[in-house]
Amino acid sequence: MMDATTSKPVCDYDGSHYQTEFWEKGGRAYEDLVERISLRHLLPKNGALCLEIGAGAGRLTRELDHFERVVLLDYSRTQLQQAQERLGRGPRFIYVVANVYHLPFVPGLFHTALMVRVIHHLVDPRAALEGVRATLRPSGALVLEFANKRNVKAILRYWLGRQSWNPFSPESIEFSKLNFNFCPRSMRSWLHEAGFTIRKQRSISHFRIPLLKRIVPLHWLATADGVLQSSGELWQLSPSLMLRADAHPVGPIAPTQSFFRCQHCYSTELSESKHTITCPNCGPVCSISDGIYDFKEPFSSQRSK
Ligand SMILES: C[S@@+](CC[C@H](N)C(=O)[O-])C[C@H]1O[C@@H](n2cnc3c(N)ncnc32)[C@H](O)[C@@H]1O
Ligand SMILES: [Zn+2]
């Protein structure tokens, strides 16, 4: 679907049963475990506030238990409802429906941001990274997973003439609608341009091969992958890559007690009532219901009037 405020297409997960269909019934215990192993190496060991972007049904959110509070952000309200069922409402979790291109937070708010299996849905990864950078404190960390077009399988297929696109070239490959594989070098340069310094890189999911997953016990396969992951510092040939990048320190951030800001005029003087957040310039910008802050809803209901 096309997001009306950014005019960028968004991969719509509303109503999807991605968590059960893809993860629980999809035979992906190996992929799940190796992502967790990588996260344990890349995430900072503590922090006050973490932003999980494209959190979906909260599959990985418990990996963030060492943060005091976690904001789960997703474009899809139904994904966040599923996350809420899994994690509960408590004060540690804040659920926010919003677009990654249009983040509704005051600058410099978060110690850490996490983005796993999300950037591969974005047509403009660099714009999204710039927005994420702005929400991070100076030297705040982004832990990012992305799909790698230059993986062994794609290289072999290319050399054998079974695939027309070149896995070594810098452009992204849209292998199905709004699903992209990226060139690792291009991703590194977008991060750099967006104001990040890459600190660590891990290659993950080396053994994403159905036969191996069937015959080798899960923990052996995941342990072997965990050993190989640090080779991502030297070369990146696995289908998925994860890295930690730190936000460049920039000038001082204006002190504010605010948490949210208006996505349209950037005012931080928003007033919150039981069901609404209102901007002094733009009117209602967020509805609040069932423990979910929804920054999309006021605009979709205004459009449908
Ligand atoms: C493949 S799922 C990954 C969910 C979770 N991170 C995980 O690894 O299990 C992608 C998620 O990104 C969200 N998403 C896609 N485009 C988005 C956007 N522009 N802004 C915010 N969330 C987005 C989708 O709604 C979906 O929940
Ligand atoms: Zn405003």
Side-chain angles (χ1 to χ4, degrees), residues 1-24 26 28-29 31-36 38-39 50-64 70-83 86-87 95-106 113-125 127-129 131-132 135 143-147 176-180 204-205 240 242 258 260-271 276-286 294-296 298-299:
M1 71 180 293
M2 192 63 78
D3 180 70
T5 44
T6 60
S7 319
K8 290 186 171 61
V10 175
C11 192
D12 191 3
Y13 275 68
D14 242 13
S16 138
H17 296 283
Y18 166 75
Q19 176 66 33
T20 38
E21 299 300 324
F22 185 86
W23 290 104
E24 288 156 26
R28 290 192 170 82
E31 286 81 355
D32 179 70
L33 189 50
V34 297
E35 287 178 13
R36 290 174 194 276
S38 177
L39 285 180
C50 180
L51 171 63
E52 187 182 359
I53 299 165
R59 174 178 68 97
L60 294 171
T61 310
R62 297 256 63 140
E63 297 298 325
L64 303 171
V70 178
V71 173
L72 291 91
L73 178 136
D74 204 281
Y75 196 76
S76 158
R77 185 182 178 91
T78 64
Q79 289 298 304
L80 290 182
Q81 284 165 337
Q82 291 174 29
R86 170 188 300 258
L87 303 163
Y95 299 91
V96 176
V97 178
N99 193 340
V100 65
Y101 293 118
H102 228 194
L103 295 171
F105 306 106
V106 298
L114 172 66
M115 213 167 160
V116 176
R117 292 180 179 258
V118 179
I119 205 162
H120 72 282
H121 287 317
L122 304 185
V123 288
D124 193 350
L129 292 171
V132 174
T135 69
V143 175
L144 174 72
E145 182 277 344
F146 64 96
S176 68
K177 195 164 167 47
L178 287 178
N179 280 270
F180 298 89
I204 58 176
S205 253
S240 170
M242 241 193 232
S258 310
F260 292 117
R261 77 171 183 185
C262 175
Q263 305 143 285
H264 305 280
C265 70
Y266 303 139
S267 170
T268 56
E269 307 297 317
L270 307 185
S271 52
T276 322
I277 296 182
T278 305
C279 167
N281 308 315
C282 308
V285 288
C286 171
D294 191 334
F295 283 86
K296 259 169 57 191
F299 296 96

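Indexing begins at 1, ligand by ligand and atom by atom, following the structure's order.
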Exercise. Fit a plane to each ring of Phe260 and Phe295, take the angle between them on a 0 to 90° scale, and name the class: parallel (under 30°), tilted (30 to 60°) or perpendicular (over 60°).
Key: tilted
Quiz item: Ignoring hydrogens and geometry, is there a side-chain-to-backbone donor-acceptor pair from Lys296 to Asn99 under 3.5 Å?
Solution: no
Exercise. Flag the pair Glu24 and Arg86 as a salt bridge only when some basic side-chain nitrogen lies within less than 4.0 angstrom of an acidic carboxylate oxygen.
Key: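 Salt bridge between Glu24 and Arg86, a charged N being under 4.0 Å from a carboxylate O: yes.
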Quiz item: Does a donor on one side chain and an acceptor on the other come within less than 3.5 Å for Thr278 and Thr276?
Solution: no
Exercise. Among Leu87, Val97, Val96, find the residue that satisfies the side chain to side chain contact (heavy atoms under 4.5 Å, CB included) test when tested with Leu72.
Key: Leu87
Quiz item: Around ligand 1, what residues show up once you keep those with a heavy atom under 4.0 Å from it?
Solution: Val10, Cys11, Tyr13, Tyr18, Trp23, Gly54, Ala55, Gly56, Arg59, Asp74, Tyr75, Ser76, Gln79, Ala98, Asn99, Val100, Val116, Arg117, Val118, His121, Leu122
Practice problem: Take Leu122 and Met115 through the side chain to side chain contact (heavy atoms under 4.5 Å, CB included) test and state the conclusion after the steps. | Solution: CA-CA 12 Å; Leu122 304 185; Met115 213 167 160; 3.9 Å; yes
Self-check item: the Zn ion (ligand 2) to nearest N/O/S of Cys282 below 2.8 Å
Solution: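 Short answer: yes, at least one N, O or S atom is under the cut-off.
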